[in-house]
Protein chains: 2
Amino acid sequence: MAGIEGDDSATVSGSTLGYALLSLLTRGPATGYQLTQQVKAPLGHFWTARHSQIYPELARLSAAGWVDSVEQAGPGPRAKKTYAVTPAGLAALRAWLVIPPTAQPRSEITLKAYAATSADPAAMAALYTDLADRSTRLLAEYEQDAARMRAAGQDDPAHPRFGNYAVLMMGVESQRAVHRWARWLASCLRTGRPVAYGEAAD
Amino acid sequence: MAGIEGDDSATVSGSTLGYALLSLLTRGPATGYQLTQQVKAPLGHFWTARHSQIYPELARLSAAGWVDSVEQAGPGPRAKKTYAVTPAGLAALRAWLVIPPTAQPRSEITLKAYAATSADPAAMAALYTDLADRSTRLLAEYEQDAARMRAAGQDDPAHPRFGNYAVLMMGVESQRAVHRWARWLASCLRTGRPVAYGEAAD
DNA sequence: CGAGACATGTAACATGTTACATGATTCT
DNA sequence: AGAATCATGTAACATGTTACATGTCTCG
C-alpha cells in the first residue's frame, strides 16, 4: 500500500538473516563472497552465517525487490554478482529495526554450567579457567579495535559505521561479563566451597 | 566400548537438546510436561525448548538407552510417562560436559544496533531505553532469586542444585552488561554525539 | 459450565550446518 | 606445480517454531 514504488510490502516478513544482509549492504554494495567475509567481524561476535545460507537468501531478497544486482564476468565458472540495497529494501530494514526483538539468547557454556556438578570438578574447573583466559584475550583484542575506531571517529552516531562500534562495545561488555563469571565458577569448582562473587582469584 | 553395561556408546553423538534434558533429569525423574516447565527458569534464560521438541527428543534418548520411563495412567488420552536418567545417560552427559563448546552466541538486539544509523534515531533510542529498563527489572528479579538460593546453601558447589545458582549468576552478569550497553547506546542515539562509556545518563 | 492447568503427541514449515561440486587467479 | 584465495551455487541433514489434535481434572 503506502509509499515506495514497486513496494509490495503487504508482506512485511523476511528472515532475520535477510535483514542482517541488508544491514551489511547499507555499508556499500558487495558480492555474496564479500558478505560472507564481512559477517565475520564485528557482526560475527553476535551473528554468523555461512555462504551456503547467504547465496539463497540474496536470491530471495532480489526476488522481493529489496536488493538488486549487477553481473561482472568473474574468475570462476559463474558470473560474479554485486548486490546493492534498493529503496524498498532500506524501507523494509528501517521498519524491522524498530520492532523490539524477542529472541532468547542461547549459551551452551551456561547450559554446561547447569550440570556442572555431574562432571569431574577438576575437568570442569579447567573448562571455565580456559574460558576466562579466552575472554581475557578477546577483551584485549576488542578494546584495541575499539580504540582504533574511536581514533577514526566511529564512536560518533553520525558516522556511517557507528553500528560497527556499537556491536564491538557489546562484545567488550559481554567478554567482561563472561570473564568475571567464568573466573568465579572455576574458583568455586576448584575449591569445592562457596566463593563470594568478586573474590575469585585468577 | 569401555565400562558401563548396556553401553553402546561408540556413537558419542546426541543433540545439545538431549544433553539439556539429561541435565534437567539429574535433578530427579520428570515427565515431558514437567521438563517443559522446568526448562523455563533459570535454564530458560540461556536455553529454551518447546514441548513439541522435547517429546520426540525424550523418545530418542529412550531409544539410545540414556533414559528410561515408567507409565502411569494419566489424566489425558495418553498415559503419563516419567523419565529418569540411566547410568549410560549419565556417562554420556559427563563426557559431553567437558568438551569445550564452540557455538557462537546470537543476539538480535546487537544485530539491530549494527544497523542503528539506518533507522530513526528517536525510535532506536527508545528501543534501547526500553531494553535498559527491562534489564534493570530482570536484574532485580535475578538478584532476589540469587539471595534466596544463597540462603538455601545453593551457592555451595557441593549442593546438588549448584548449577541453578551458576546459571542465575550468568544471568546477573549478562543483565548488568546489557544494562550498561543499552543505556550508553540510547544516550548516543538521543544526543547524536559520541558519549564516553560509563558516562551515559539514565 | 467455562477457564485454565495437566498431559502427550504429530505435521508443516523455517532456519542453520555440513558436505558436495566447479573452476579461475595469485602467490610461493 | 601446489596451496591459498576468489567466487558461486546445490543437496542432505539437523535443529527449532508454529500450528494442529485430543482429552481429563480442578477450581470458581
Side-chain angles (χ1 to χ4, degrees), chain A residues 11-21 29-40 43-44 46-64 67 69-83 96 101-108 111, chain B residues 11-21 29-40 43-44 46-64 67 69-83 96 101-108 111:
Chain A
T11 321
V12 198
S13 66
S15 66
T16 307
L17 174 63
Y19 294 112
L21 296 180
T31 65
Y33 186 85
Q34 287 173 322
L35 291 171
T36 307
Q37 309 303 309
Q38 287 168 30
V39 89
K40 283 176 189 165
L43 196 55
F46 296 99
W47 198 270
T48 53
R50 307 296 172 95
H51 80 272
S52 60
Q53 211 187 345
I54 289 172
Y55 287 113
E57 185 63 31
L58 282 170
R60 278 189 287 270
L61 291 173
S62 192
V67 300
S69 58
V70 285
E71 298 200 18
Q72 303 112 0
R78 278 173 283 270
K80 166 172 128 170
K81 283 180 225 164
T82 302
Y83 292 88
W96 172 79
T102 51
Q104 303 294 318
R106 235 158 233 277
S107 164
E108 202 175 318
L111 173 57
Chain B
T11 320
V12 200
S13 67
S15 66
T16 306
L17 173 62
Y19 294 112
L21 296 180
T31 65
Y33 185 85
Q34 288 174 322
L35 291 170
T36 307
Q37 309 303 310
Q38 286 168 29
V39 87
K40 283 176 188 165
L43 197 54
F46 296 99
W47 198 270
T48 54
R50 307 297 173 95
H51 79 273
S52 60
Q53 211 185 345
I54 289 173
Y55 287 113
E57 185 62 33
L58 283 170
R60 277 189 288 271
L61 291 173
S62 191
V67 299
S69 57
V70 285
E71 300 200 17
Q72 301 112 358
R78 278 173 282 271
K80 166 172 130 170
K81 283 179 225 164
T82 301
Y83 291 88
W96 172 78
T102 51
Q104 303 294 317
R106 235 157 232 278
S107 162
E108 203 176 316
L111 172 58

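Just so you know, these numbers use all the heavy atoms, side chains as well, and skip hydrogens, waters and symmetry mates. All chains are named by letter (A, B, ...) in the order of the sequence lines, taking the proteins before the strands, and each is independently numbered beginning at 1.
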Next on the checklist: Whole angstroms only, please: what is the CG-P distance between A:Leu58 and D:dA7?
Outcome noted: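 Distance, rounded to whole Å: 14 Å.
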Item to check | Angle between terminal axes - the helix from C:dC1-D:dG28 to C:dT28-D:dA1, 5 pairs each end, rounded to 10° | outcome: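 It comes to 30° between the two terminal axes.
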Does [X] have any side-chain hydrogen bond (donor to acceptor under 3.5 Å, both in side chains) partners at least two apart in sequence or in another chain, and if so, which?
| X | answer |
| --- | --- |
| A:Thr82 | A:Gln72 |
| B:Gln104 | none |
| B:Glu57 | B:Ser15, B:Arg60 |
| A:Arg106 | B:Thr48 |

For [X] against [Y], the heavy-atom pair lying closest together:
| X | Y | result |
| --- | --- | --- |
| B:Gly18 | B:Leu61 | O-CD1, 3.9 Å |
| B:Gly32 | B:Leu58 | CA-CD1, 3.7 Å |
| B:Gln34 | B:Pro29 | OE1-O, 4.5 Å |

Which atom pairs link the protein and nucleotides 2-6 of chain D when you take only N or O atoms and keep those under 3.5 Å?
| from | atom 1 | to | atom 2 | distance (Å) |
| --- | --- | --- | --- | --- |
| D:dC6 | OP2 | A:Tyr33 | OH | 2.7 |

Checklist entry - With a non-hydrogen cut-off below 4.0 angstrom, is B:Arg60 in contact with a base, only sugar-phosphate, or nothing? => result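 Contact class for B:Arg60: none.
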Next on the checklist: Considering every strand and a 4.0 Å limit on heavy-atom distances, what is the contact class for A:Thr31: base, sugar-phosphate, or nothing?
Outcome noted: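 Here A:Thr31 touches the backbone only, sparing every base.
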Item to check | Residue list, side-chain contact (heavy atoms from CB on, under 4.5 Å) with B:Ala49, at least two apart or on another chain | outcome: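 B:Ala49 satisfies side-chain contact (heavy atoms from CB on, under 4.5 Å) with B:Leu17, B:Gln53, B:Ile54 once adjacent residues are dropped.
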Checklist entry - Mind checking what makes side-chain contact (heavy atoms from CB on, under 4.5 Å) contact with A:Phe46, not counting sequence neighbours? => result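 Per chain and number, A:Phe46 pairs via side-chain contact (heavy atoms from CB on, under 4.5 Å) with A:Val167, A:Met170, A:Ser174, B:Ser107, B:Thr110.
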Next on the checklist: Just to verify, what does B:Trp96 make a ring-ring contact (aromatic ring centres under 6.0 Å, His included) with, not counting sequence neighbours?
Outcome noted: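 Testing B:Trp96 for ring-ring contact (aromatic ring centres under 6.0 Å, His included), a comparison that skips the adjacent residues, returns B:Tyr19.
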Checklist entry - Hey, where on DNA chain C does chain A first and last touch, going 5' to 3'? Cut-off is any atom under 4.0 Å from a heavy atom. => result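 Contact boundaries, 5' end first: C:dT15 to C:dA24.
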Item to check | Pairwise distance CG(B:Leu21) to OH(B:Tyr83) - rounded to 0.5 angstrom | outcome: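 B:Leu21 CG to B:Tyr83 OH: 10.0 Å, rounded to 0.5 Å.
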Next on the checklist: Reading DNA chain D from 5' onward, which residue's closest nucleotide shows up sooner: A:Arg78 or B:Thr16?
Outcome noted: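 Result: A:Arg78.
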Checklist entry - Under a 4.0 Å heavy-atom cut-off, which of residues 48-55 of chain B touch DNA chain D? => result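 Heavy-atom contacts with DNA chain D come from B:Arg50, B:Ser52, B:Gln53.
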Checklist entry - salt bridge (Lys or Arg N to Asp or Glu O under 4.0 Å): which pairs involve residues 69-78 of chain A, sequence neighbours left out? => result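 Counting only pairs at least two positions apart or across chains, no salt bridge (Lys or Arg N to Asp or Glu O under 4.0 Å) contact touches residues 69-78 of chain A.
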